[in-house]
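Below is one structure; the comments refer to it alone.
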Amino acid sequence: MVEIILRGGPLMIPLLLCSVFAVAISLERLWYLWRSRIDTEDLMDDVKLALQSGKVLEAMQIAKKSRGPVAAVIAAGIAYYDRPVPEIRQHMEEVGNLEVYKLERRLPILEVLVGVAPLLGLLGTVTGIIRIFNVMAGLRGLGDPAAMSGGIAEALITTAAGLAIAIPTMLIYSYFSGLIDKFVTDMNKRISELLNVLESRGEY
(Lines give C-alpha, C1' and ligand atoms only; values in the text may rest on other atoms or scores of the structure.)
Protein backbone atom coordinates (compact mmCIF):
# COMPACT_ATOMS: atom_id res chain seq x y z
CA MET A 1 0.00 0.00 0.00
CA VAL A 2 2.79 2.43 0.89
CA GLU A 3 4.54 1.63 -2.39
CA ILE A 4 1.35 2.33 -4.35
CA ILE A 5 0.89 5.65 -2.56
CA LEU A 6 4.48 6.66 -3.29
CA ARG A 7 4.14 5.71 -6.96
CA GLY A 8 0.98 7.79 -7.18
CA GLY A 9 2.96 10.97 -6.78
CA PRO A 10 2.41 14.11 -4.65
CA LEU A 11 -1.32 14.30 -5.41
CA MET A 12 -1.84 11.17 -3.33
CA ILE A 13 -1.38 13.34 -0.24
CA PRO A 14 -4.56 15.44 -0.78
CA LEU A 15 -6.36 12.29 -1.92
CA LEU A 16 -5.44 10.57 1.35
CA LEU A 17 -6.67 13.61 3.27
CA CYS A 18 -9.95 13.42 1.34
CA SER A 19 -10.35 9.78 2.30
CA VAL A 20 -9.64 10.52 5.97
CA PHE A 21 -12.20 13.34 6.03
CA ALA A 22 -14.77 11.19 4.24
CA VAL A 23 -14.39 8.31 6.70
CA ALA A 24 -14.39 10.55 9.77
CA ILE A 25 -17.46 12.54 8.72
CA SER A 26 -19.32 9.41 7.64
CA LEU A 27 -18.75 7.68 10.98
CA GLU A 28 -19.71 10.79 12.97
CA ARG A 29 -22.91 11.35 10.97
CA LEU A 30 -23.82 7.66 11.13
CA TRP A 31 -23.50 7.73 14.92
CA TYR A 32 -25.51 10.95 15.23
CA LEU A 33 -28.32 9.85 12.91
CA TRP A 34 -28.50 6.41 14.52
CA ARG A 35 -28.85 7.98 17.98
CA SER A 36 -31.59 10.28 16.70
CA ARG A 37 -33.83 7.40 15.63
CA ILE A 38 -36.73 6.71 18.00
CA ASP A 39 -40.26 5.33 17.75
CA THR A 40 -42.08 8.62 17.23
CA GLU A 41 -45.44 6.84 17.02
CA ASP A 42 -45.19 5.70 20.65
CA LEU A 43 -43.80 9.07 21.69
CA MET A 44 -46.69 10.90 20.09
CA ASP A 45 -49.26 8.56 21.63
CA ASP A 46 -47.84 9.16 25.12
CA VAL A 47 -47.75 12.93 24.59
CA LYS A 48 -51.32 13.01 23.29
CA LEU A 49 -52.57 10.98 26.23
CA ALA A 50 -50.88 13.29 28.72
CA LEU A 51 -52.14 16.46 27.02
CA GLN A 52 -55.69 15.17 26.68
CA SER A 53 -55.59 14.42 30.42
CA GLY A 54 -54.45 17.97 31.10
CA LYS A 55 -50.99 16.83 32.25
CA VAL A 56 -48.88 19.35 30.36
CA LEU A 57 -45.84 18.97 32.61
CA GLU A 58 -45.92 15.19 32.19
CA ALA A 59 -46.15 15.61 28.40
CA MET A 60 -43.12 17.90 28.48
CA GLN A 61 -41.16 15.40 30.56
CA ILE A 62 -42.01 12.60 28.10
CA ALA A 63 -40.73 14.69 25.19
CA LYS A 64 -37.63 15.83 27.06
CA LYS A 65 -36.66 12.27 28.01
CA SER A 66 -36.64 11.25 24.34
CA ARG A 67 -33.82 12.14 21.99
CA GLY A 68 -33.80 13.19 18.36
CA PRO A 69 -35.20 16.02 16.26
CA VAL A 70 -38.85 14.95 16.46
CA ALA A 71 -38.79 14.91 20.27
CA ALA A 72 -37.12 18.33 20.31
CA VAL A 73 -39.83 19.81 18.08
CA ILE A 74 -42.62 18.26 20.16
CA ALA A 75 -41.06 19.63 23.35
CA ALA A 76 -40.87 23.07 21.74
CA GLY A 77 -44.58 22.94 20.93
CA ILE A 78 -45.56 21.82 24.43
CA ALA A 79 -43.43 24.61 25.93
CA TYR A 80 -45.73 27.10 24.15
CA TYR A 81 -48.86 25.23 25.23
CA ASP A 82 -50.69 28.34 26.47
CA ARG A 83 -49.89 30.44 23.38
CA PRO A 84 -52.03 30.87 20.23
CA VAL A 85 -51.71 28.06 17.71
CA PRO A 86 -50.03 30.23 15.00
CA GLU A 87 -47.35 31.23 17.51
CA ILE A 88 -46.87 27.57 18.53
CA ARG A 89 -46.54 26.57 14.87
CA GLN A 90 -43.96 29.28 14.19
CA HIS A 91 -41.89 28.27 17.22
CA MET A 92 -41.99 24.59 16.26
CA GLU A 93 -40.94 25.41 12.71
CA GLU A 94 -38.01 27.46 13.99
CA VAL A 95 -36.87 24.60 16.22
CA GLY A 96 -37.48 22.18 13.34
CA ASN A 97 -35.22 24.21 11.05
CA LEU A 98 -32.50 24.13 13.70
CA GLU A 99 -32.85 20.36 14.07
CA VAL A 100 -32.63 19.88 10.29
CA TYR A 101 -29.47 21.96 10.31
CA LYS A 102 -28.03 19.65 12.98
CA LEU A 103 -28.96 16.60 10.89
CA GLU A 104 -27.32 18.04 7.76
CA ARG A 105 -24.20 19.30 9.52
CA ARG A 106 -20.98 18.36 7.68
CA LEU A 107 -22.87 16.70 4.82
CA PRO A 108 -21.89 19.56 2.46
CA ILE A 109 -18.27 18.55 3.08
CA LEU A 110 -19.04 15.02 1.86
CA GLU A 111 -20.69 16.52 -1.21
CA VAL A 112 -17.57 18.59 -1.91
CA LEU A 113 -15.35 15.53 -1.48
CA VAL A 114 -17.45 13.63 -4.03
CA GLY A 115 -16.57 16.29 -6.59
CA VAL A 116 -13.00 17.07 -5.53
CA ALA A 117 -11.61 13.51 -5.27
CA PRO A 118 -12.11 12.52 -8.94
CA LEU A 119 -10.84 15.94 -10.04
CA LEU A 120 -7.65 15.40 -8.06
CA GLY A 121 -7.40 11.98 -9.67
CA LEU A 122 -7.81 13.56 -13.10
CA LEU A 123 -5.16 16.12 -12.25
CA GLY A 124 -2.85 13.26 -11.30
CA THR A 125 -3.56 11.65 -14.66
CA VAL A 126 -2.60 14.86 -16.44
CA THR A 127 0.61 15.32 -14.46
CA GLY A 128 1.49 11.64 -15.05
CA ILE A 129 1.05 12.04 -18.81
CA ILE A 130 3.13 15.22 -18.74
CA ARG A 131 5.84 13.29 -16.94
CA ILE A 132 5.73 10.58 -19.60
CA PHE A 133 6.14 13.14 -22.39
CA ASN A 134 9.03 14.80 -20.55
CA VAL A 135 10.78 11.44 -20.32
CA MET A 136 10.17 10.80 -24.01
CA ALA A 137 11.48 14.26 -24.91
CA GLY A 138 14.58 13.75 -22.79
CA LEU A 139 15.25 10.45 -24.52
CA ARG A 140 14.62 12.02 -27.92
CA GLY A 141 11.69 9.81 -28.69
CA LEU A 142 13.31 6.56 -27.53
CA GLY A 143 11.05 4.72 -25.10
CA ASP A 144 12.58 3.61 -21.80
CA PRO A 145 10.00 1.45 -19.96
CA ALA A 146 11.72 1.89 -16.60
CA ALA A 147 11.77 5.67 -16.89
CA MET A 148 8.22 5.92 -18.22
CA SER A 149 6.64 3.57 -15.70
CA GLY A 150 6.66 6.28 -13.03
CA GLY A 151 4.48 8.55 -15.13
CA ILE A 152 2.13 5.73 -16.10
CA ALA A 153 1.76 4.68 -12.45
CA GLU A 154 1.05 8.27 -11.39
CA ALA A 155 -1.55 8.65 -14.13
CA LEU A 156 -3.42 5.44 -13.30
CA ILE A 157 -3.09 5.28 -9.49
CA THR A 158 -4.38 8.80 -8.84
CA THR A 159 -7.37 8.25 -11.12
CA ALA A 160 -8.21 5.00 -9.38
CA ALA A 161 -7.74 6.56 -5.94
CA GLY A 162 -9.99 9.51 -6.80
CA LEU A 163 -12.78 7.22 -7.98
CA ALA A 164 -12.30 4.85 -5.03
CA ILE A 165 -12.92 7.79 -2.68
CA ALA A 166 -15.71 9.48 -4.63
CA ILE A 167 -17.94 6.45 -5.34
CA PRO A 168 -18.45 5.18 -1.75
CA THR A 169 -18.66 8.76 -0.47
CA MET A 170 -21.43 9.48 -2.96
CA LEU A 171 -23.33 6.36 -1.86
CA ILE A 172 -22.95 7.29 1.81
CA TYR A 173 -24.07 10.86 1.10
CA SER A 174 -27.16 9.58 -0.72
CA TYR A 175 -27.96 7.24 2.16
CA PHE A 176 -27.68 10.04 4.71
CA SER A 177 -29.82 12.34 2.55
CA GLY A 178 -32.52 9.68 2.43
CA LEU A 179 -32.45 9.28 6.21
CA ILE A 180 -32.70 13.01 6.72
CA ASP A 181 -35.67 13.22 4.34
CA LYS A 182 -37.42 10.59 6.46
CA PHE A 183 -36.67 12.60 9.61
CA VAL A 184 -38.10 15.76 8.04
CA THR A 185 -41.23 13.97 6.81
CA ASP A 186 -41.79 12.43 10.24
CA MET A 187 -41.15 15.77 11.91
CA ASN A 188 -43.75 17.55 9.77
CA LYS A 189 -46.26 14.78 10.47
CA ARG A 190 -45.79 15.02 14.24
CA ILE A 191 -46.00 18.82 14.13
CA SER A 192 -49.40 18.57 12.45
CA GLU A 193 -50.59 15.96 14.97
CA LEU A 194 -49.52 18.04 17.95
CA LEU A 195 -51.11 21.18 16.53
CA ASN A 196 -54.37 19.29 16.05
CA VAL A 197 -54.29 18.26 19.71
CA LEU A 198 -53.47 21.80 20.84
CA GLU A 199 -56.22 23.30 18.68
CA SER A 200 -58.78 21.13 20.45
CA ARG A 201 -57.29 21.58 23.94
CA GLY A 202 -60.29 23.63 25.06
CA GLU A 203 -62.48 20.57 24.69
CA TYR A 204 -60.68 18.60 27.41
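All of these numbers come straight from a predicted model, not from anything done at the bench. Because only heavy atoms are used, hydrogens play no part in the values below, and waters and symmetry mates are left out as well, while side chains stay in.
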Looking only at heavy atoms, the pair that brings Val47 and Leu194 closest together is CG1-CD1, 4.3 Å
Rounding to 0.5 Å, atoms CG (Leu103) and CZ (Arg105) come to a distance of 9.5 Å
Membership question, hydrophobic clusters at under 4.5 Å side-chain separation (ILVMFWY): are Val23 and Val114 in the same one? no
Closest heavy-atom pair, Ala161 versus Leu15, reported as atoms and distance to 0.1 Å, is CB-CD1, 4.0 Å
Between the CG atom in Leu17 and the CE atom in Met12, the distance rounded to the nearest 0.5 Å is 11.0 Å
In terms of heavy-atom contacts, Cys18 and Val116 come closest through SG-CG1, 4.3 Å
In this structure, CG of Leu51 is separated from CE of Met60 (nearest 0.5 Å) by 9.5 Å
On a heavy-atom basis, the closest approach of Pro14 and Pro10 is CD-O, 3.4 Å
| said: Would you say that Leu122 contacts Thr159 through its side chain, given a criterion of any heavy-atom pair below 4.5 Å between the two side chains? | reply: no
State, with a plain yes or no, whether a side-chain heavy atom of Leu123 is found less than 4.5 Å away from one of Thr158.
no
So CG of Leu16 and CG of Leu11: to nearest 0.5 Å the spacing works out to 11.0 Å
Establish whether Val20 and Ile167 are linked, either directly or via other cluster members, by ILVMFWY side-chain heavy-atom contacts under 4.5 Å.
-> no
Note: Pro69 and Glu99 closest approach over all heavy atoms is CA-OE1, 3.5 Å
| message | Please determine whether side chain to side chain contact (heavy atoms under 4.5 Å, CB included) holds for the pair Ile180 and Leu107, giving the CA-CA distance in whole Å, both sets of side-chain angles, and the decisive distance to 0.1 Å. | response | CA-CA 11 Å; Ile180 292 171; Leu107 285 189; 3.2 Å; yes
In residues 169-178, what donor-acceptor pairs under 3.5 Å come from side-chain atoms, sequence neighbours left out?
{"residue": "Thr169", "atom": "OG1", "partner": "Ile165", "partner atom": "O", "Å": "2.6"}
{"residue": "Tyr173", "atom": "OH", "partner": "Glu111", "partner atom": "OE1", "Å": "3.4"}
{"residue": "Ser174", "atom": "OG", "partner": "Met170", "partner atom": "O", "Å": "3.0"}
{"residue": "Ser177", "atom": "OG", "partner": "Tyr173", "partner atom": "O", "Å": "2.9"}

d(Leu43 CG, Lys65 NZ) to nearest 0.5 Å is 10.5 Å
Around Phe21, counting heavy atoms of other residues, nucleotides and ligands shown, do more than 12 lie under 6.0 Å from its CZ?
no
- Task: Treating Ile, Leu, Val, Met, Phe, Trp and Tyr as nodes and any side-chain heavy-atom pair under 4.5 angstrom as an edge, say whether Val73 and Val85 lie in one connected cluster.
- Result: yes
Here the side chain to side chain donor-acceptor pair (under 3.5 Å) pairs for residues 20-40, sequence neighbours left out, are Glu28-Arg106, Thr40-Asp186, Thr40-Arg190
Rounded to the nearest 0.5 Å, the CE atom of Met187 sits from the CD1 atom of Ile74 at a distance of 10.0 Å
Closest non-hydrogen atoms of His91 and Ala76, given as atom of the first, atom of the second and distance, are CD2-O, 3.2 Å
Could you check whether any side-chain heavy atom of Leu195 comes within less than 4.5 Å of a side-chain heavy atom of Met92, counting everything from C-beta outward?
yes
